[in-house]
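What follows is one structure encoded as structure tokens, with my remarks underneath.
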Amino acid sequence: MSASRRRKIPSRETAPRAPWLTEAVAALAEALRFERPADAVLSRFFRERPHLGQRDRGEIAERVYAVLRHRRSLETWAGRTNPRALLLAWLMRGEGWSLARLEPWLEKGERAWLAERKAAAPVLSRAERLDAPDWLIERLDAAYGPAETEALLAASNRPAPLDLRVNSWRTTREAVLARLQADGIDCAPTPFSPLGIRVQGKPALHAHPLFQEGMFEVQDEGSQLVTLLVAPRRGQTVVDFCAGAGGKTLQLAAALRNTGQVYAFDVSAGRLAKLKPRLVRSGLTNVQPMVLAHERDERLARLEGKADRVLVDAPCSGLGTLRRNPDLKWRQHPALIAELQEKQCAILAAAARLVRPGGRLVYVTCSLLPEENEAVLEAFLAQEPRFSLLDPLPLLFKAGVPEQIPRWESPTAEVLVDRFSPTVLRLAPHVHGTDGFFAAVLERGTSP
Ligand SMILES: C[S@@+](CC[C@H](N)C(=O)[O-])C[C@H]1O[C@@H](n2cnc3c(N)ncnc32)[C@H](O)[C@@H]1O
């Protein structure tokens, strides 16, 4: 057999399983158009290709997300921007595939190009190394300083773990842990949330009987922690103003132990509809979903001044969730952030009207940009002197969060961030191992 013929029949060890590589380029091409969120792109992509098995889907999704995370550095390294080049660059640079391993899959000219890139080993600028757009780096640098920005972005460029929240109304964390472990699932308690379980790998938990029976939901530990700040008491009236598919609604309803009432509002009927099956599984009956026309919907009037707790999990850039949604850093831009800020101010003002005297309003985003957090808070407090900030940490400790939870309050470079540092909660992947979250607890004074 000649050498060239031998090259075309790779051994089982070195042969890439061609189906996923070819399909991965197609999926990546779709995701890199940035017309829709990457998770929506992949869901549709897989729906349209039922022939792809579980393993191939995993291989494709993993590579699409990896290229989205490292797009900027890969473009520089590859000297090309097309999806196929970026995927090959990722396999070689990110996963350490050798040219010999890639060889059976390469097209004309690609071997020479990859060999040349590997030899050239381009030097990356700071922004390329951080794999983020300039505007985002600039804003984070201004808010938190360069060192903190680098640590934050590096952690944001790694995949997130799989966190679960147990349905505390129906079961305990210990019971769920014991059952999952007995079923061979590698998992442990989350370090900070008393409701959380962190799972290693990606087991198919949606098919697990405990999931079907509503004993747990998938929810990032950071999301659990900010929801703990709402801390409703039995029998109280709680409003989840931006409930979406109800991740936090379910936690609040369970915290009320199925008493009182949780109003789950959202302007998106589609998102709220996803709450319904989750509610059925959970067994909770104290939740009332309602689709709002907008934040000033006149049907809100009957709740004015009546709610004990109002949670505003505001629509935001989502830049705290880059571990799960790396495409967001390429899809967001400053003009969108400005629009979001306006919306956040309007929603917070409208939601505040529902809080009773002595009640609490909790403002949350999954962004770490001061424009969406401290600036919104500052504008709100300037207009609403009846509200004042409560220190979130004692509230977390009371909810069972260990006092050793790290603080992320300094170093800060921007006055706005500094000013609110002791009175707001900031969670970040490089400090807490959670998604990035901002939360502020505002108490309304007791005079009407
Ligand atoms: C961050 S998401 C909520 C996520 C949800 N709380 C959870 O934990 O899964 C923000 C939500 O705000 C909703 N939203 C946008 N504008 C709104 C408005 N004016 N009033 C109420 N909800 C709004 C969006 O539809 C979106 O579902």
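Just so you know, ligand 1 is whichever comes first in the structure, and atom 1 is the first atom listed for that ligand. Given the structure is predicted, the values throughout are model-derived calculations rather than measurements. Note that these values count all heavy atoms, side chains included, but never hydrogens, waters or copies made by symmetry.
Stacking of Arg63 on the aromatic ring of Trp90 is not recorded, the 6.0 Å distance cut-off and the 45° axial limit not both being met.
Using modelled atom types and a 3.5 Å distance limit, the side chains of His432 and Glu221 yield no donor-acceptor pair. For the residue pair Asn167/Ser282, the side-chain donor-acceptor check at 3.5 Å is not satisfied. Side-chain atoms of Gln261 and Thr237 form no donor-acceptor pair, as typed in the model, at a separation below 3.5 Å.
Sorted by chain and number, the heavy-atom contacts of ligand 1 below 4.0 Å come from Phe241, Cys242, Ala243, Gly244, Gly247, Lys248, Asp266, Val267, Ser268, Arg271, Glu295, Asp313, Ala314, Pro315, Lys343, Ile347.
The environment of CD in Gln54 is sparse: at most 12 heavy-atom neighbours from other residues, nucleotides or ligands sit within 6.0 Å.
With salt bridges taken as basic N to acidic carboxylate O contacts below 4.0 Å, none links Arg36 and Asp327.
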